[in-house]
Structure formats: C-alpha cells, structure tokens
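Written out below as structure tokens is the structure these notes cover.
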Amino acid sequence: MQCSWKAVILLALASIAIQYTAIRTLTSKPFQLCTLPSPQNCGLGDPETDPPFERGSAGCEDYPYVYLNATRKTHVLVLATTRSGSSFVGQLLNQHQEVFYLFEPLYHVQTTLIPRLSHSHNTADRRVMLGASRDLLRSLYGCDLYFLESYIKPTPTNHTTDKLFRRGASRALCQQPVCDAFGPADLNVDEGDCVKKCSLLNMTSATEACREKQHVAIKIVRVPEIGDLRALLEDPRLNIKVIQLVRDPRGILSSRIETFRDTYRLWRIWRATGRKPYNLDLSQLTVVCEDYRSSVSTGLSHPYWLKGKYMLVRYEDLAKSPLQKTKEIYDYLGLPMDKNVEDWIHANTRGSNEPSAKHKFGTIRDSAANAESWRLKLSYDMVEYTQTVCQKVLHQLGYKTVRSVEELKNVSISLVQDKTFAPFL
Ligand SMILES: *[C@@H]1O[C@H](CO)[C@@H](O)[C@H](O)[C@H]1NC(C)=O
Ligand SMILES: *[C@@H]1O[C@H](CO)[C@@H](O)[C@H](O)[C@H]1NC(C)=O
Ligand SMILES: *[C@@H]1O[C@H](CO)[C@@H](O)[C@H](O)[C@H]1NC(C)=O
Ligand SMILES: *[C@@H]1O[C@H](CO)[C@@H](O)[C@H](O)[C@H]1NC(C)=O
C-alpha cells in the first residue's frame with residue numbers, strides 16, 4: 001500500500017512529461033520556420049542548448065517579412081497575477097493600432113498539461129509547464145499561432161477553432177480581416193459581442209493579422225517568477241520588454257474572494273463569521289507573496305539579463321494617474337502612445353460617464369480610492385494575518401501596514417506610499 005501512491009504520482013508525472021514531449025515533437029516543424037527577425041541567423045535551433053549564432057539559416061527566403069528592418073519588433077510581456085489589474089494594463093496595449101495583443105495564451109498550456117491542478121506547486125509539474133510556456137511564448141512572439149493549436153482542446157480542424165481562450169479580449173481578432181462582423185468604425189468591440197458575432201477563428205488569418213502589426217504584446221498570469229523567463233529574455237531573436245505588474249496583496253486577496261467564489265469560499269466564511277476556518281488553504285495567499293518577493297527581488301536587483309527589459313508597475317499608481325503612468329510605460333517600451341490608447345483611457349477611467357463600459361473596470365473608473373476599497377471589504381484580522389505573511393513584500397513595494405481597525409477603515413489616509421520604480425534602462 002505504502003508505495004502504491006508514490007507509483008501513482010510517478011506515473012502521473014511521467015504522463016505529463018510524455019504529453020509535453022509529444023506536443024513538442026509534433027509541433028516542432030512550425031518552430032523551425034524563420035519567423036523572427038534576427039541579424040545573425042534565420043533558422044531556429046533550440047536557444048537553450050545551441051550555441052548562439054550557429055544555427056542553420058534555412059527557410060528565410062520564404063519569409064521575407066523577417067528581413068532585418070530598422071524598426072525592430074517589440075515583444076511586450078505583461079507579467080502579472082490574477083486580480084492584479086492586468087486586464088486594464090492589457091487594454092492599454094490592446095488599444096494601440098500597431099500592437100497585436102493576446103490575453104493569457106498560457107491558459108491552454110496549463111489546461112492541457114496539468115488539467116486537474118489549477119495552481120500546481122509540484123516542482124516537476126512546474127518545470128514542465130514553464131518549459132512549455134517559454135516555447136509557446138517564443139512562437140507567439142514570432143506570430144506562429146499554429147503552435148498554439150496543439151494545446152487547444154478540441155484540436156482545431158483546418159486551422160479554425162472557437163475555443164481560443166478570451167479571443168474577444170484581443171482587438172485584432174475581432175476586426176477585419178480576421179472577423180467580418182464589425183467595420184473599421186467599431187473601435188471598441190465588446191468582448192462578448194466579438195465571441196457571439198465573429199465565426200470560427202481562422203488561425204491563418206490571425207497569424208497574418210499578427211504579422212501585419214509592428215509589435216506583439218502578451219499578458220500572462222501563469223508564470224510566477226521573472227527568473228523563470230530568463231531563457232526567453234536572453235534569446236537574441238526576441239526583443240522582450242517585461243512589465244511586471246504588482247498590486248497590494250491585501251487587494252488581490254479581497255478581489256479574489258469576490259471573484260472566485262468557490263475557490264475562496266473558506267475565506268468568505270472567515271470574513272462572515274470572524275473565525276478562521278481550520279482547513280483554510282493559506283497557500284492561496286502565501287504563494288502570491290512568496291512569488292512576488294522573489295520575483296520583485298530579482299527584478300529590482302537589476303541583473304544584467306534584465307537590462308533595458310524591466311519595469312515594475314504598481315496597479316495603484318496606474319489607478320491614481322492612468323494617463324501619466326501609461327505615458328511612462330510607453331516611454332519605457334520605446335513606442336509612441338497613439339490616440340486610441342489615450343481615448344480609451346479617457347473613456348474608461350475616472351471622470352467618464354459613458355454607460356457602455358460600466359462595471360468592466362470599476363476599480364479604475366471610480367477613483368484612486370477605489371483601488372483601496374479592499375480596506376472596507378476585508379476584516380481586520382484577515383488584514384492583520386495577510387500583513388504577517390506578506391510583511392516583506394508589503395515593505396518592498398511600499399504598501400503601509402495598519403495597526404488598528406480605525407487605521408484600516410479610514411480611507412482618507414492612503415496606504416500606498418509614494419515610491420518611484422524607474423525602469424531598468
Ligand atoms: C520596415 O518596415 C516598415 C513597416 O513594415 C516599412 O514601412 C519600412 O519601409 C521597412 N523599412 C525597410 C528599410 O525595409
Ligand atoms: C477541412 O477542409 C477539408 C478540405 O477543404 C474538408 O474536406 C473538410 O471537411 C474540412 N474539415 C472540417 C472539420 O471542416
Ligand atoms: C483561413 O484564412 C485563409 C487566409 O486568410 C484562407 O486561405 C483559408 O481558406 C481560411 N480557412 C478556412 C477554413 O476558412
Ligand atoms: C481619518 O484620518 C484623518 C487624518 O489623520 C483624521 O483627521 C480623521 O479624523 C480620521 N477619520 C476618522 C473617521 O477617524
């Protein structure tokens with residue numbers, strides 16, 4: 001009996017590894033295509049094992065769009081966690097005319113490789129997942145959307161699917177030529193309308209739409225630490241700029257309790273009864289703080305491999321001055337901020353009365369104080385507990401702790417300290 005459960009775990013791990021290997025093998029062909037601009041080489045080997053600049057050069061002539069061009073593509077990576085305001089940051093990029101944006105493609109990797117565990121803490125699972133994630137991101141930055149197909153269930157036929165996760169969050173996938181349901185005048189297609197009115201997503205036209213754009217931006221919430229992306233950041237074929245988005249963990253907790261009602265049920269019981277359930281899954285909180293602490297420490301210690309590629313953004317700063325902060329982000333990316341982005345900010349943040357976008361970005365819309373509305377939603381002992389667990393990261397990111405209920409509930413005093421996080425240039 002004793003060793004049988006071990007055998008089961010081993011078997012499970014082995015099957016995950018085999019699935020991943022199979023997927024890699026099956027999809028290695030598109031990966032050989034020359035899809036990324038690089039002065040030194042066109043053929044793609046495996047950058048993790050091959051010495052740099054000694055890969056083959058087959059296939060370039062078929063892909064003239066990769067020829068070196070003075071305007072190099074920027075590959076924006078928004079590194080976030082769920083409920084940290086990442087949809088808002090995603091929109092700031094999605095609205096740009098010259099950006100092809102994807103909303104969390106790693107969802108498909110996780111659901112395929114690790115179906116039953118939403119947040120696996122197992123080291124082996126995690127390594128498989130991260131390896132697959134890096135491969136996928138590398139392909140997507142090269143506009144190879146076919147690579148994603150092997151992770152979509154059911155597997156797309158004839159390169160079409162209606163199962164791309166949050167397709168409607170991607171402007172380019174709801175517009176011509178990818179979708180004919182909306183005209184060029186429909187600037188802000190609602191995500192739900194897009195899914196309803198656009199027919200199957202044709203991955204070939206999606207790929208073409210991606211290639212038409214100057215830049216590619218991807219938002220991910222499934223990579224816990226920036227160090228896990230190092231191999232990608234050091235890939236000479238890519239030009240990645242990371243935006244690490246952080247939010248006060250107390251705010252994240254509060255928002256998750258509201259949003260993920262089943263998963264965070266015990267936290268709601270704690271809030272309602274004033275007593276912490278003995279079987280509460282504390283890792284739902286501690287994992288955020290540990291990942292933040294390690295990721296932010298890495299980012300702020302400015303390792304050479306992040307030079308020119310790292311900016312930390314606090315959600316609360318963005319909520320307070322959306323326009324100014326967005327300008328700083330675009331400056332860091334080295335891209336001009338276009339009028340679409342500015343218009344979107346005006347329409348969706350404080351001071352706007354447009355009913356159409358109501359509820360969507362409530363936190364941002366209503367005021368900076370609302371970024372701190374968690375203070376009225378969490379009980380004091382929940383806050384106190386969070387502060388104990390997340391002490392280091394709160395300090396690191398400039399979030400003040402409170403020592404009394406009065407201090408917690410008096411929202412006229414902000415808990416967000418003025419702190420500048422300059423991009424690492
Ligand atoms: C580089 O690409 C841009 C946009 O695709 C194009 O307008 C420009 O002419 C290209 N420059 C060169 C030198 O090929
Ligand atoms: C895929 O395309 C082929 C050739 O056009 C067609 O015969 C087949 O029915 C298509 N399959 C599906 C599932 O649409
Ligand atoms: C998908 O789009 C491509 C090019 O845009 C087209 O050639 C192809 O026939 C389309 N596929 C389907 C199944 O409609
Ligand atoms: C909130 O804090 C401010 C500033 O310290 C203070 O003047 C005010 O009386 C406090 N409000 C309440 C309700 O305690």
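Whatever order the structure lists them in is the order used to number ligands and atoms, beginning at 1.
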Protein contact to [atom] [nearest heavy atom, distance to 0.1 Å]:
| atom | value |
| --- | --- |
| atom 13 (C) of ligand 3 | Thr160 CG2, 3.7 Å |
| atom 5 (O) of ligand 4 | Ile413 CD1, 3.8 Å |
| atom 2 (O) of ligand 3 | Asn202 ND2, 2.3 Å |
| atom 6 (C) of ligand 4 | Asn410 ND2, 4.1 Å |

Regarding ligand 2, does Asn158 bring an N or O atom to under 3.5 Å of one of the ligand's N or O atoms?
yes
Think Lys241 forms a cation-pi with Tyr332, using NZ or CZ under 6.0 Å from the six-ring centre and within 45 degrees of its axis?
yes
Can a cation-pi geometry be assigned to Arg166 and Phe103, taking NZ or CZ under 6.0 Å from the six-membered ring centre and within 45° of the ring axis?
yes
Parallel, tilted or perpendicular for Tyr330 and His96, by the 30°/60° rule?
parallel
Taken to the nearest 0.5 Å, the spacing of Leu145 CG from Asn202 CG works out to 11.0 Å
What is the distance from atom CZ of Arg375 to atom CD of Glu372, rounded to the nearest 0.5 Å?
5.0 Å
Electrostatic pair Asp262-Arg265, nearest N-O below 4.0 angstrom:
no
Could you tell me whether atom 9 (O) of ligand 2 has a protein heavy atom closer than 4.0 Å?
no
Determine whether the side chain, the backbone, both or neither of His159 has a heavy atom under 4.0 Å from any heavy atom of ligand 3.
neither
Taking the ring of Tyr141 and the ring of His75, is the distance between their centroids below 6.0 Å?
yes
Contact between Met203 and ligand 3, counting heavy atoms under 4.0 Å?
no
State the atoms of ligand 2, each with its element, that fall below the 4.0 Å cut-off from a heavy-atom position in Thr157.
13 (C)
